[in-house]
Amino acid sequence: MRLKIGIIHNNEAKSLKVHEDLLKLVAKNDNFTVVEHDPELVITIGGDGTLLSAFHRYSHKLDTVRFLGVHTGHLGFYTDWRDYELEEMVDSLCSDRDKSVSYPLLDVVVNFEDGRHKHFLAMNESTVRKGNRTMVADVYIKDELFERFRGDGLSISTPTGSTAYNKSVGGAVVHPSISAMQLAEIASLNNRVFRTLGSPSIIGPDEWIEIFLNTDGKHMVTIDQLDVSGGGIRSIQYKIAEERIHFASYKHMHFWHRVKDAFIRED
């Protein structure tokens, strides 16, 4: 039976060329067929942003689809193959069609004052902010008040997202084998009157976070590349999702090698 492949690419010249070359290779192989709907494997060509877009396009099919990334720029955390390794990649796809590795995701529910709810899955992170004004929010962990936060905002990340915005606000780098989420503060106010923990917190899979917004006006909630903005947001709930994202692991790079390559390696 042919493996159904979906291909998603960005519009950079190099990515368009790689897409063309990949289509030629797949067309010569009887093991694959390229489809637009219901793929079993999604190949992205570009960077981590391209893979994030593909994830949100197929987030309702995570139990039946795997992902594989070809990077055409700087090394990404989700893109294992280089543009010049296409033939090796296609050969690997033929040898083991079912091998995969999975990572935890973030389950996000945005609750509105009028009773509406919006549900999302995040692969990297979610942030809560209030424009250019101080945000005041009560942070509950497992239904118990943990702190009243004042500052620019809050970031909640997955282990794989811990190397993204979370790291830039002082969060820890967490290995993706750990099923957890991380709560990090964005420029919190700490003085004699207002106090927060002031350091990132790792929340386990049996716990959850709910952030109640105490300031009027417009807030913005981001979920990876998506955003929910405007007035009337009452609270945001976070937990580790039951769903997981599955990556084809034909050439899966060691996580700490990725970290070193991205942040430490000297050229």
Side-chain angles (χ1 to χ4, degrees), residues 42 44 47-63 65-69 71 75-80 100-110 118-129 139-142 146 153-186 199-211 220-228 236-249 252-259 261-263:
V42 174
T44 66
D48 285 350
T50 308
L51 202 145
L52 279 170
S53 296
F55 162 73
H56 284 283
R57 181 181 299 187
Y58 293 103
S59 61
H60 61 297
K61 293 181 175 292
L62 295 179
D63 56 338
V65 65
R66 293 175 301 152
F67 296 84
L68 184 153
H71 62 86
L75 179 63
F77 274 85
Y78 299 115
T79 49
D80 290 318
S100 66
V101 61
S102 67
Y103 291 156
L105 300 169
L106 196 62
D107 185 287
V108 185
V109 177
V110 181
K118 288 188 177 180
H119 178 254
F120 304 89
L121 291 175
M123 184 173 163
N124 261 1
E125 66 206 359
S126 173
T127 64
V128 187
R129 296 174 178 269
V139 178
Y140 281 75
I141 299 178
K142 208 171 182 179
F146 179 70
L154 293 163
S155 170
I156 300 88
S157 63
T158 66
T160 47
S162 68
T163 58
Y165 182 64
N166 167 78
K167 183 177 180 299
S168 71
V169 297
V173 174
V174 180
H175 193 280
S177 63
I178 300 172
S179 183
M181 57 183 166
Q182 183 168 182
L183 173 66
E185 300 175 357
I186 306 170
S199 64
S201 304
I202 307 297
I203 311 298
D206 297 326
E207 299 181 320
W208 57 93
I209 298 170
E210 186 161 10
I211 299 170
M220 175 176 286
V221 179
T222 66
I223 304 97
D224 291 335
Q225 299 165 316
L226 311 175
D227 66 76
V228 179
I236 310 97
Q237 295 171 293
Y238 297 98
K239 64 179 180 179
I240 299 299
E242 295 181 2
E243 303 90 337
R244 293 174 69 91
I245 184 169
H246 297 269
F247 288 94
S249 59
H252 201 67
M253 189 179 295
H254 192 282
F255 176 76
W256 295 115
H257 178 82
R258 294 175 191 264
V259 173
D261 195 66
F263 301 112

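Contacts classified as side-chain hydrogen bond (donor to acceptor under 3.5 Å, both in side chains) and involving residues 165-174 (residues at least two apart or in different chains) are given here: R129-Y165.
One side chain, T222 or T127, offers a donor N or O that lies under 3.5 Å from an acceptor on the other.
The OH atom of Y103 sits 9.0 Å away from the OG atom of S177 when rounded to the nearest 0.5 Å. Atom CD of E125 and atom CG of D224 lie 7.0 Å apart (nearest 0.5 Å). Rounded to the nearest 0.5 Å, atoms CD (E242) and CG (L62) are 12.5 Å apart. For the atom pair NZ (K118) and CG (L226), the distance works out to 10.5 Å, reported to the nearest 0.5 Å. Atom NE2 of H60 and atom OH of Y58 lie 8.0 Å apart (nearest 0.5 Å). Taking CD1 from I223 and CG from L106, the interatomic distance works out to 9.5 Å, rounded to the nearest 0.5 Å.
Scanning all heavy atoms of the two residues, the minimum distance from W208 to M181 falls at CA-CE, 3.9 Å. Considering every non-hydrogen atom in both P200 and G170, the closest pair reads CG-O, 3.8 Å. A pairwise comparison of heavy atoms in F55 and A122 identifies CE2-C, 4.2 Å as the closest pair. Of all heavy-atom pairs spanning F255 and V174, the tightest one is CZ-O, 3.6 Å. In terms of heavy atoms, P159 sits closest to P176 at CB-CA, 3.5 Å. Between S162 and A172, the shortest heavy-atom contact is CB-O, 3.4 Å.
For Y140, the ring pair (Phe, Tyr, Trp, His ring centres under 6.0 Å) test picks out F212, with sequence neighbours left out. Applying the side-chain hydrogen bond (donor to acceptor under 3.5 Å, both in side chains) test to H246 and every residue at least two apart in sequence or in another chain returns nothing. Checked against side-chain hydrogen bond (donor to acceptor under 3.5 Å, both in side chains), S53 has the following partners two or more places apart in sequence or in another chain: Q225. For R57, there are no side-chain hydrogen bond (donor to acceptor under 3.5 Å, both in side chains) partners two or more places apart in sequence or in a different chain. Partners of A241 by side chain to side chain contact (heavy atoms under 4.5 Å, CB included), not counting sequence neighbours, listed by chain and number: L105, D107, L121, E243.
Between V128 and Y238 the shortest side-chain heavy-atom distance falls below 4.5 Å. Two residues are said to be in side-chain contact when any heavy atoms from C-beta on lie closer than 4.5 Å; T44 and L68 fail this criterion. The shortest distance between side-chain heavy atoms of T163 and V259 falls below 4.5 Å. Considering only heavy atoms from C-beta on, Q237 stays 4.5 Å or farther from I209 through its side chain. The side-chain heavy atoms of N124 and S157, taken from C-beta on, include no pair separated by under 4.5 Å. Proximity of V173 to F263: side-chain heavy atoms (C-beta onward) are nowhere separated by under 4.5 Å.
The only option from V109, V221, V228 that meets the side-chain contact (heavy atoms from CB on, under 4.5 Å) definition with F120 turns out to be V228.
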Audit row: L154, V139, side chain to side chain contact (heavy atoms under 4.5 Å, CB included) steps and yes/no: CA-CA 10 Å; L154 293 163; V139 178; 3.8 Å; yes
Intermediate values then yes/no, side chain to side chain contact (heavy atoms under 4.5 Å, CB included), L51 and F247: CA-CA 11 Å; L51 202 145; F247 288 94; 3.8 Å; yes
Residue pair M123, I245: steps toward the side chain to side chain contact (heavy atoms under 4.5 Å, CB included) verdict: CA-CA 8 Å; M123 184 173 163; I245 184 169; 3.8 Å; yes
